[in-house]
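So the structure is just underneath, and the comments pick up after that.
Lettering of chains follows the sequences in order, A, B, ..., and the numbering in each one begins at 1.
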2 protein chains.
Amino acid sequence: MNYSKQREIIYKTLADNVVHPSAEYIYEILKKADSKISLATVYRNLNKMASCGHIKKIEGLEDRAHFDHNTFEHYHFICEKCGKIYDIAKEVAPDIIKKTQDKTGFTINSHDIVFHGICLECKKEER
Amino acid sequence: MNYSKQREIIYKTLADNVVHPSAEYIYEILKKADSKISLATVYRNLNKMASCGHIKKIEGLEDRAHFDHNTFEHYHFICEKCGKIYDIAKEVAPDIIKKTQDKTGFTINSHDIVFHGICLECKKEER
DNA sequence: ATGTAAAGTGATAATTGTTATCAGTTTTGT
DNA sequence: ACAAAACTGATAACAATTATCACTTTACAT
């Protein structure tokens with residue numbers, strides 16, 4: 001994989017963002033600064049970085065994919081009210097890979113956990 | 001929600017199937033028997049049944065959604081080689097909801113776990 | 001049993017997120 | 001500095017899903 005200026009910008013935009021943006025969202029941010037980038041380039045590079053493990057692709061949240069520069073093993077929570085995505089520590093499912101491999105005999109290469117519910121902020125507002 | 005003959009047929013087709021079919025797959029099966037059903041009807045009813053908890057919608061597997069008549073809490077594994085979807089027992093992640101709620105203060109309404117890897121059969125073939 | 005409002009249907013157009021294409025540009029190693 | 005490989009922007013194409021709409025079914029009060 002060669003160096004590319006666009007890929008660097010995309011990665012920085014992803015890393016500097018507290019949220020877990022979609023490709024479209026990154027594209028919107030970049031259009032304001034580097035007004036020449038193409039949406040296809042954003043998709044291409046996010047996928048390329050995801051498949052080489054440099055970033056993480058989060059699927060099964062909404063209808064669109066989201067991306068995460070945090071490649072540490074961790075899970076995600078999406079608030080059904082505000083739509084915000086939060087990180088969940090891996091400790092909530094200890095030894096899950098080993099347990100699953102032992103039980104099934106399958107080889108587990110990756111796993112994802114997605115929680116749905118109401119976040120603290122939205123719970124406060126409800127009262 | 002009113003009764004509908006189509007919904008009943010769709011549910012039965014889902015329940016009689018060992019696999020975890022997609023909407024398209026159910027549509028194909030039904031076209032052979034009841035040749036009049038519409039793909040839109042299949043989507044409509046699968047989503048309706050999923051959102052009232054009668055069946056389960058599995059997302060984040062491939063690009064399409066799959067459906068499961070087994071509403072018992074359990075997880076899924078998709079084989080990266082043959083594409084087959086397997087059920088995984090909930091015991092691999094004990095007390096995950098309680099742990100996550102305690103740690104975050106969020107209310108968890110649902111959660112999904114998807115494993116990716118190689119199933120036993122495909123592992124045998126590799127050698 | 002009948003009338004009517006609500007819910008459901010088939011057919012298909014529209015939408016949406018994503019990927020493919022392709023001519024031109026950038027990067028890389030020699 | 002040069003050729004091969006990788007990358008890009010612009011946009012067409014694609015695939016899964018949803019919206020639309022005229023019509024049919026269902027439920028239930030009379």
One thing to verify: whether A:Lys56 and A:Asp112 come together as a salt bridge, which I'm taking to mean a side-chain N less than 4.0 angstrom from a carboxylate O. yes

Considering only heavy atoms from C-beta outward, does the side chain of A:Asp16 approach that of A:His69 to under 4.5 Å? no

Here the pair of heavy atoms bringing B:Ile88 nearest to B:His76 is CG1-C, 4.0 Å

Between CG of A:Leu61 and P of C:dG17 the distance, given in whole Å, is 14 Å

From the list B:Asn45, B:Ile10, B:Asp68, B:Leu14, side-chain contact (heavy atoms from CB on, under 4.5 Å) partner of B:Ile55 resolves to B:Leu14

To the nearest angstrom, the OH-P distance between B:Tyr27 and D:dA15 comes to 16 Å

From CD of B:Glu62 across to C1' of D:dT17 the rounded distance in Å is 15 Å

Can you check whether A:His116 and B:His111 have ring centres sitting under 6.0 Å from each other? no

B:Asn45 atom CG is separated from D:dT17 atom P, nearest whole Å, by 15 Å

The bend of the helix from C:dA1-D:dT30 to C:dT30-D:dA1, taken between the axes of its five terminal pairs at each end and rounded to 10°, is 40°

Practice item. May I ask you to check whether A:Phe115 and A:Tyr75 place their ring centres under 6.0 Å from each other? Key: no

Enclosure of B:Tyr11 OH (heavy-atom neighbours >12, cutoff 6.0 Å): yes

For nucleotides 18-30 of chain C, 5' to 3', base contacts (B), sugar-phosphate-only contacts (S) and non-contacts (-) with protein non-hydrogen atoms under 4.0 Å give BBBB-----SS--

When every non-hydrogen atom of B:Ile37 is compared with those of B:Gln6, the smallest separation belongs to CD1-CG, 3.8 Å

A:Tyr27/A:Tyr43 aromatic ring centres below 6.0 Å = no

Here the distance between atom C1' of C:dT9 and atom CG of B:Leu30, to the nearest Å, is 14 Å

Taken to the nearest whole Å, NZ/B:Lys48 to C1'/D:dT18 is 13 Å

Rounded to whole Å, CD of A:Gln6 lies from P of D:dG9 at a distance of 4 Å

Rounded to whole Å, CD of B:Glu8 lies from P of C:dG8 at a distance of 14 Å

